[in-house]
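Throughout, numbering of the chain's residues begins at 1 and tracks the sequence. Keep in mind that the numbers below use all heavy atoms, side chains included, and drop hydrogens, waters and symmetry copies. Ligands are counted one by one from 1 in listed order, and the atoms in each one are counted from 1 as well.
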Amino acid sequence: MSHRSREIQLVARPQGEPRSSDFGLVEVDVPDPGPAEVLVRNRWISVDPYMRGRMNDVRSYVPPFNLDAPLDGGAVGEVVESHADAVPVGALVLHNLGWRELATVSADAVRVLNTEQAPEEAYLGVLGMPGLTAWVGLLTVAGLRNGDTVFVSGAAGAVGSLVGQIARLRGHRVIGSAGSPEKVAFLREQLGFDVAFDYHDGDVAALLRAAAPKGIDVYFDNVGGEHLEAALSALRPHGRVAMCGAISQYNATEPVPGPRNMTQVIGKRLTIRGFIVSDHGDQLGPFVSEVGGWLRDGRIHHHQTVVDGLENAPAAFIGLLQGQNTGKMLVRLA
Ligand code: NDP
């Protein structure tokens, strides 16, 4: 037997900004699960900036999406049929076959979720990949030290909002940039950032200088471009940059110019280090232990922007790249 399901396929590779015509909503038959497989009905799917890179036909650390095939990515769903004892019917699971209603998944490729610790969708955000990214970038990659002042760009997004809060909860001074006055107010009033600015309000270097007249020690880069150049100028000697993302460049159709002030890296003995969260699975335990504890105690704020309906997943993704989200952008199915 098989089951009717709907999925979002990539039907054209975006040129520059993705458009809704790059995506198609397609009805398909999903086969019954085989031995050691489960059938999952997705309840939440994640849209993430890295997916933009996978829409281009280029080699990267993850293979490109195929045309006329479903997209994939993080999802949380309920097991509705199971041929695996460890993953019973009714279990809520995290897996990687998002962008569709029903998925047949190997039981080895799902993680059964503890929904007493946190709501199920938190495993796509604060307790999931974005949370671990914030944790690893700040602690392992940037090597956060006592007394560091931290600057994070994309500060009102999924990763950035957690970077700022983790740093603050560990006693650091935190500065953030984001794309609207509402987001700036959110950073200051709800997340407890010491200083926040809207990067549209002028030259980023000047805005950062005003926000951090004594300089910064750590820059968590979600944005690249002008932000990275500004941060290199603001960093104090022995400062560190965790290069997490460069979202200002993801839709670029031509190579973009690099920061013009790279020689400052020498004189100030700066360290710039890129990272990919999937290399740091060993940090999941300590991360869940500390951030899960803050979550239980209500000390960490996890905000999300929810778009309803699989058919609106492309709009959610396009909106994410345009800054329509505060916190984690999620699509809720049914
Ligand atoms: P966000 O929730 O931060 O959403 C993306 C945000 O980027 C938007 O809300 C928008 O906010 C901002 N943005 C869009 N265009 C620009 C621009 N031109 N300049 C400045 N900001 C812009 O996404 P995530 O938290 O999921 O991801 C944040 C970054 O982390 C991304 O670069 C992503 O690729 C990276 N990442 C890297 C990982 C790794 O392993 N290295 C893992 C996960 C994420 P605004 O309104 O403020 O402009």
Side-chain angles (χ1 to χ4, degrees), residues 16-18 45-56 60-62 73-74 98 124-126 128-138 140-142 151-166 175-187 191 193 196-201 203-204 207-208 219-231 241-252 256 272-281 283-284 287 302-307 316-331:
E17 268 195 57
I45 62 177
S46 180
V47 289
D48 296 274
Y50 78 88
M51 294 169 175
R52 177 64 187 86
R54 294 190 65 195
M55 291 173 187
N56 298 334
S60 179
Y61 63 97
V62 270
L124 294 171
V126 60
M129 184 275 277
L132 183 61
T133 302
W135 172 269
V136 162
L138 204 50
T140 306
V141 180
F151 170 50
V152 56
S153 54
V159 173
S161 63
L162 296 168
V163 169
Q165 292 184 88
I166 293 168
I175 297 155
S177 69
S180 70
E182 293 76 21
K183 289 186 183 185
V184 167
F186 167 73
L187 295 177
L191 304 191
F193 277 60
F197 62 87
D198 181 344
Y199 62 84
H200 297 109
D201 282 350
D203 171 56
V204 179
L207 293 166
L208 181 55
Y219 174 46
F220 192 109
D221 192 13
N222 286 317
V223 165
E226 196 187 345
H227 270 87
L228 177 56
E229 185 172 299
V241 179
M243 282 197 70
C244 175
I247 198 163
S248 69
Q249 304 171 4
Y250 291 175
N251 287 326
V256 292
I272 302 181
R273 192 173 157 203
F275 72 104
I276 295 296
V277 63
S278 51
D279 294 339
H280 297 272
Q283 295 298 305
L284 193 63
F287 155 69
H302 76 111
H303 200 87
Q304 51 208 23
T305 299
V306 177
V307 170
F317 175 71
I318 293 166
L320 171 80
L321 297 178
Q322 294 171 346
Q324 287 174 13
N325 60 308
T326 299
K328 177 74 190 111
M329 181 68 109
L330 289 173
V331 180

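Residues passing the ring pair (Phe, Tyr, Trp, His ring centres under 6.0 Å) test with His280, sequence neighbours excluded: none.
Between Ser153 and Tyr199, the side chains place no donor N or O within less than 3.5 Å of an acceptor N or O (distance only, hydrogens not considered).
With a 4.5 Å cut-off on side-chain heavy atoms, Pro130 and Lys328 count as touching.
Put simply, OG on Ser161 and NE2 on His303 are 9.0 Å apart, with the number rounded to the nearest 0.5 Å. Considering CD1 of Ile166 and CG of Leu138, their distance stands at 6.5 Å, rounded to 0.5 Å.
The two atoms that bring Ala316 and Val331 nearest to each other are CB-CG2, 3.7 Å, heavy atoms only.
Listed by chain and residue number, the protein contacts of ligand 1 are Pro49, Met129, Thr133, Gly157, Ala158, Val159, Ala178, Gly179, Lys183, Tyr199, Asn222, Val223, Cys244, Gly245, Ala246, Ile247, Ser248, Tyr250, Phe275, Ile276, Val277, Leu320, Leu321, Gly323, Asn325, Gly327 (heavy atom within 4.0 angstrom).
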